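Worksheet for the structure shown next.
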Amino acid sequence: MGDLLERTPTVSNNRGENVEQYDVMVIGAGVTGLYAVYRLRELGLSVQAFEGGGGVGGTWYWNRYPGCRFDSESYTYGYSFSEELLQEWDWKEYYSGQPENERYLNYVADKFHLRPHIRCNSQVTSVVFDDANGLWQVNIEDGHRARGQFLITAVGSLSAYYIPDFEGLNSFQGDWCHTGRWPAEGLDLAGKRVGVIGTGATGIQLITEIAKEVGHLTVFQRTANYAAPLRNGLIDPDTQRRIKASYPEIFKMCSETAGSFIHQFDPRSAFDVTPEERLEQYERLWAEPGFKKWLSNFYDVMMPGAANEDYAEFVRNKIRERVKDPVVAEKLVPKDHMFGSKRLPCESGYYEVFNQDNVLLVDVREAPIVRITPKGVQTTEAEYELDVLIFATGYDAVTGPLNRIDIRGEGGQTLKDKFANGPRTFMGISSAGFPNLFTINAASVGNFVRACEPLVDWVCEAICYVREHGYTRISATPEAENEWTKHVSEAGAKILRTQANSWFVGANIPGKARVLLTSPDTAPVMRAKRAEVAAKGYAGFLLQ
Ligand code: NA7
């Protein structure tokens, strides 16, 4: 197995250079890329992954910021493909932190001997389809090249980090970084004047953690978020044993829910019960860990309408109760978007941070940031002096990581141009004119590993189907792509996720087209749709 690389044939490209050639190339060695490498190799295919980072793990490699951890239950997040792995690995916490998550993914890479198939420090700059030979060529920043019949973009949906184009950033004399590129050696924040821009899920985790050590913290908030207590804890040995004995049930439960999380909605409407019973349920769920309060609630809490607003007000009051200064509390209370229209940030003491004397909340919707100065951040009202400035400003989601690679398909057309008004794919996976390219990162959502395993399996089956049936190419038909794009737009308009200005609809990136970037369908519906397509001989795909 380990000597596959040595046996990889090389071919000459059209410039006469010798390049390695593989059956399948994978961009990215995060949770999806690692599993893709494993599955493809098990199928006897030659596979090589190219990873921009210095190690494997993707999100869990890059996001080393203090406080970074799961919002999925750890034991629902691990890979399900190996019983041995499930029994060997002990998740220490219910919601595991970045260091352990990165260790887990490294453990997987070692246990399954995946490293010979992964080239790290390999930022892919362009991929070009060679029509004459039916091969993709991958070009790496350092000049390395490789070719392959199939190409999978396992580049993540939240990997293209975004820093707003503030004037003067380069003049700042302190240290600065984006949370998604936190230095591996850490950042010394002890006793320093630190500023954080952004109060999404990342900002909320980070702020809570660094407030324990900084000298002074200035939080620049544009939009207040609904955040709910995570209630993390250590997994005791007894629970560990029960978890390990229950993996089939755990994964089955996850497979039946909309986002592949372990939580199932209450089939009742919030208004099927008395106001007292309703409040009792809200309080009971609030006391539970994780996403339960979001995803085990009355089903209509997750739909635009009165139940959603009723619960939103309950959450707002929870925030008000925890922040001593009523003026600060009101600034932290979200009023401009519906509860659950963004992924719910989970916190462990976030609101209490604003009761600390050394923490200042700056409302940058009221007084926007005008520039970064040598000393700090200048808003329309004041200059805030800082030693360190941290951008927790999110990601150019889903299409961002694809657009940062120059992807050229048939006739030299670029995927970036094609996606200028939003992704144009069939089921997120394939785009007409880009044969044998599987954009897995545009099709994965929810509890990530649960979503990516069946998706990778489907792509592997499609690749085998192409080869076994004597074809060499597969890509979405223009008709299927049009239908799917229309479906995303129409069905997407009805769901909660499209109601807020979030990365889900590209609203966080100035100038980005506002369209739902993920599927509007639930995970079980998507699996059924993909299975039906496969059962019908890849209906909606052009096989050549
Ligand atoms: P998010 O959720 O996109 O949050 C980014 C934050 O940065 C959010 O508070 C933004 O405010 C803020 N932001 C972005 N641009 C600016 C400018 N120009 N000025 C001020 N503030 C700004 O990213 P996260 O990394 O927190 O979370 C991403 C996902 O990771 C999350 O959904 C989980 O699934 C895990 P805004 O709300 O746009 O007003």
Side-chain angles (χ1 to χ4, degrees), residues 30-31 58-60 62-65 67-72 77 95 98 101 156-169 177-182 195-208 218-228 230 259-261 290-291 294-295 331-332 334-337 340-347 350 361-372 377-380 384 389-398 400-401 444-448 451 497 499-512 514 517-518:
V31 290
T59 287
W60 304 109
W62 291 111
N63 282 270
R64 296 167 186 276
Y65 65 84
C68 178
R69 62 176 63 251
F70 287 154
D71 52 16
S72 315
Y77 191 95
Y95 302 92
Q98 179 273 334
N101 307 343
S157 39
L158 295 164
S159 58
Y161 68 96
Y162 164 67
I163 297 179
D165 190 15
F166 292 124
E167 186 192 320
L169 179 56
C177 75
H178 186 280
T179 47
R181 285 295 179 280
W182 198 267
V196 177
I197 304 180
T199 53
T202 300
I204 286 171
Q205 288 186 332
L206 171 86
I207 288 162
T208 310
T218 310
V219 176
F220 299 93
Q221 172 189 274
R222 187 166 66 182
T223 309
N225 232 316
Y226 298 93
L230 178 65
S260 310
F261 295 101
F291 280 163
W294 180 34
L295 301 177
K331 283 188 196 298
L332 288 166
K335 300 180 185 97
D336 64 351
H337 63 281
S341 55
K342 299 180 183 182
R343 183 156 164 163
L344 179 69
C346 289
E347 49 81 32
Y350 176 64
L361 179 66
V362 176
D363 183 341
V364 296
R365 193 172 296 281
E366 232 171 62
I369 296 171
V370 270
R371 72 181 67 84
I372 310 297
V377 173
Q378 175 78 53
T379 70
T380 51
Y384 300 88
L389 176 58
I390 301 167
F391 291 91
T393 41
Y395 295 87
D396 183 355
V398 184
S444 226
V445 75
N447 196 7
F448 222 77
R497 231 180 300 149
Q499 312 301 312
N501 294 327
S502 75
W503 62 261
F504 279 110
V505 291
N508 60 328
I509 304 297
K512 190 167 178 174
R514 188 182 176 118
L517 294 166
T518 57

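Please read these numbers as outputs of a predicted model, since none were measured by experiment. Both counts, for ligands and for their atoms, begin at 1 and track the order of listing.
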Counting heavy atoms only, which of P164, A201, S157 is nearest atom 35 (C) of ligand 1?
A201
If every non-hydrogen atom of I204 is compared with every non-hydrogen atom of A227, which pair is closest and at what distance?
CD1-CB, 3.9 Å
Residue set satisfying salt bridge (Lys or Arg N to Asp or Glu O under 4.0 Å) with K342, at least two apart, ordered chain then number -> none
Can you tell me which portion of F166 lies within the under-4.0 Å heavy-atom range of ligand 1? Options are side chain, backbone, both, or neither.
side chain
Search all heavy atoms of A201 against all heavy atoms of P345 and return the closest pair with its distance.
CA-CB, 3.7 Å
Please determine if R343 and D71 form a salt bridge, counting it only when a charged side-chain N lies under 4.0 Å from a carboxylate O.
yes
Within a distance under 4.0 Å of any heavy atom of A392, pick out the atoms of ligand 1 and give their elements.
5 (C), 6 (C), 7 (O)
What atoms in ligand 1 come closer than 4.0 Å to a heavy atom of K342?
37 (O)
Has the side chain of T393 got a donor or acceptor atom that lies under 3.5 Å from a matching backbone atom of Y162?
yes
Does ligand 1 have an atom under 4.0 Å from some heavy atom of I369?
no
Here the atoms of ligand 1 under 4.0 Å from any heavy atom belonging to T223 are 36 (P), 37 (O), 39 (O)
Heavy atom of the protein closest to atom 34 (O) of ligand 1 (residue, atom name, distance):
R343 CD, 3.2 Å
Sequence neighbours excluded, which residues qualify as ring pair (Phe, Tyr, Trp, His ring centres under 6.0 Å) partners of Y395?
H178
Please determine, by modelled atom types, if T223 and R365 share a side-chain donor-acceptor pair under 3.5 angstrom.
yes
R365 touching ligand 1 at heavy-atom level, < 4.0 angstrom
yes
Closest contact, heavy atoms only, W294 versus G340
NE1-CA, 3.5 Å
To which protein heavy atom is atom 30 (O) of ligand 1 closest, and what is the distance rounded to 0.1 Å?
L158 CD1, 3.7 Å
So, 4.0 Å and heavy atoms of F391: is ligand 1 close enough to count as a contact?
no
Numbering the atoms of ligand 1 from 1, which are under 4.0 Å from a heavy atom of T202?
24 (P), 25 (O), 26 (O), 27 (O)
Check the surroundings of atom CG in D336: do more than 12 heavy atoms from other residues, nucleotides or ligands lie under 6.0 Å from it?
yes
Identify the protein heavy atom lying closest to atom 23 (O) of ligand 1, giving its residue, its atom name and the separation to 0.1 Å.
G394 CA, 3.3 Å
Taking all non-hydrogen atoms of both residues into account, name the closest pair between A397 and L158 and its distance.
CB-CD2, 3.9 Å
I197 and ligand 1 - part of the residue with a heavy-atom distance under 4.0 Å
side chain
Sub-3.5 Å donor-acceptor pair from the side chain of Q221 to the main-chain atoms of D363, do we have one?
no
Got the closest protein heavy atom to atom 9 (O) of ligand 1, with its distance?
T199 N, 2.9 Å
Is ligand 1 less than 4.0 angstrom away from at least one heavy atom of W503?
yes
Report yes if some N/O of N501 lies less than 3.5 Å from some N/O of ligand 1; otherwise report no.
no
Identify the closest protein heavy atom to atom 2 (O) of ligand 1: which residue and atom is it, and at what distance?
G200 CA, 3.9 Å
For G198, the ligand 1 atoms whose distance to one of its heavy atoms is below 4.0 Å
6 (C), 7 (O), 9 (O), 12 (C)
For ligand 1 and R222, I'd like to know whether there is a polar contact (N/O to N/O, distance under 3.5 Å).
yes
Do the numbers put R69 on top of the ring of Y95, so that NZ or CZ is under 6.0 Å from the six-membered ring centre and no more than 45° off the axis?
no
